[in-house]
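All of these numbers come straight from a predicted model, not from anything done at the bench. Every chain is numbered from 1, with letters handed out A, B, ... down the list of sequences. All values below were derived from every heavy atom in this structure, side-chain atoms included, with hydrogens, water molecules and symmetry-related copies excluded.
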Amino acid sequence: MPPTPFEQIHRIVARIPRGRVATYGQISRMLDGRFSAQFVGWAMHGAPEGLPWHRVINSKGGVSTRRILGYAPDLQKNLLEAEGIVFDDEDRCDLAVYQWDGR
DNA sequence: CCATTGACGAAGA
DNA sequence: TTCTTCGCCAATG
């Protein structure tokens, strides 16, 4: 049987190298637009342990987990900073520098 | 089966 | 630049 949408998304996320990031929309496009960017976010909600979910951010270069209740504030940002990614005073990083090229 | 729901994004005001 | 609107589509109840 074919991989589920979640599995296809998780496979891509698992390939993101340390110190790089990918956007929800980018992953959606890498899967040929079969799923909406919004759905990619939903797939992260149920990400299996070990998946580098923190390397997936929004198109503005910022993290989106702060609005989720139950998450430690700035956890995602802290994990990325630990990998060398720098955020500006608006909590955004430079996608031109850190965005994964998919290879 | 139908309505609602998102860790989103592009376009327009 | 910020805010709103609309499209997106599998999952969930």
Say you draw a straight line from [atom1] of [X] to [atom2] of [Y]; how long is it, rounded to the nearest 0.5 Å?
| X | Y | atom1 | atom2 | result |
| --- | --- | --- | --- | --- |
| A:Gln8 | A:Ile27 | CD | CD1 | 12.5 Å |
| A:Arg29 | A:Thr23 | CZ | OG1 | 5.5 Å |
| A:Trp53 | A:Leu79 | CH2 | CG | 5.5 Å |

Got a sec, which residues hit side chain to side chain contact (heavy atoms under 4.5 Å, CB included) with A:Arg15, two or more places apart in sequence or on another chain?
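Listed in chain order: A:Ile12, A:Trp100.
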Do the ring centers of A:Phe6 and A:Phe39 come within less than 6.0 Å of each other?
yes
Over how many whole Å does the gap from [X] atom [atom1] to [N] atom [atom2] extend?
| X | N | atom1 | atom2 | result |
| --- | --- | --- | --- | --- |
| A:Ile9 | B:dC8 | CD1 | C1' | 12 Å |
| A:Asn58 | B:dA10 | CG | P | 11 Å |
| A:Gln26 | B:dA10 | CD | P | 12 Å |

Just grab all the salt bridge (charged side-chain N to carboxylate O under 4.0 Å, His left out) pairs involving residues 50-61 of chain A, residues at least two apart or on different chains.
A:Arg55-A:Glu83
List every contact pair, protein side and nucleotides 5-10 of chain C side both N or O, where the distance is under 3.5 Å.
from  : atom 1 : to      : atom 2 : distance (Å)
C:dC8 : O2     : A:Gln38 : OE1    : 3.2

Of A:Trp53 and A:Arg29, whose nearest nucleotide on DNA chain B comes first from the 5' end?
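Checking each residue's closest nucleotide, the 5'-ward one belongs to A:Trp53.
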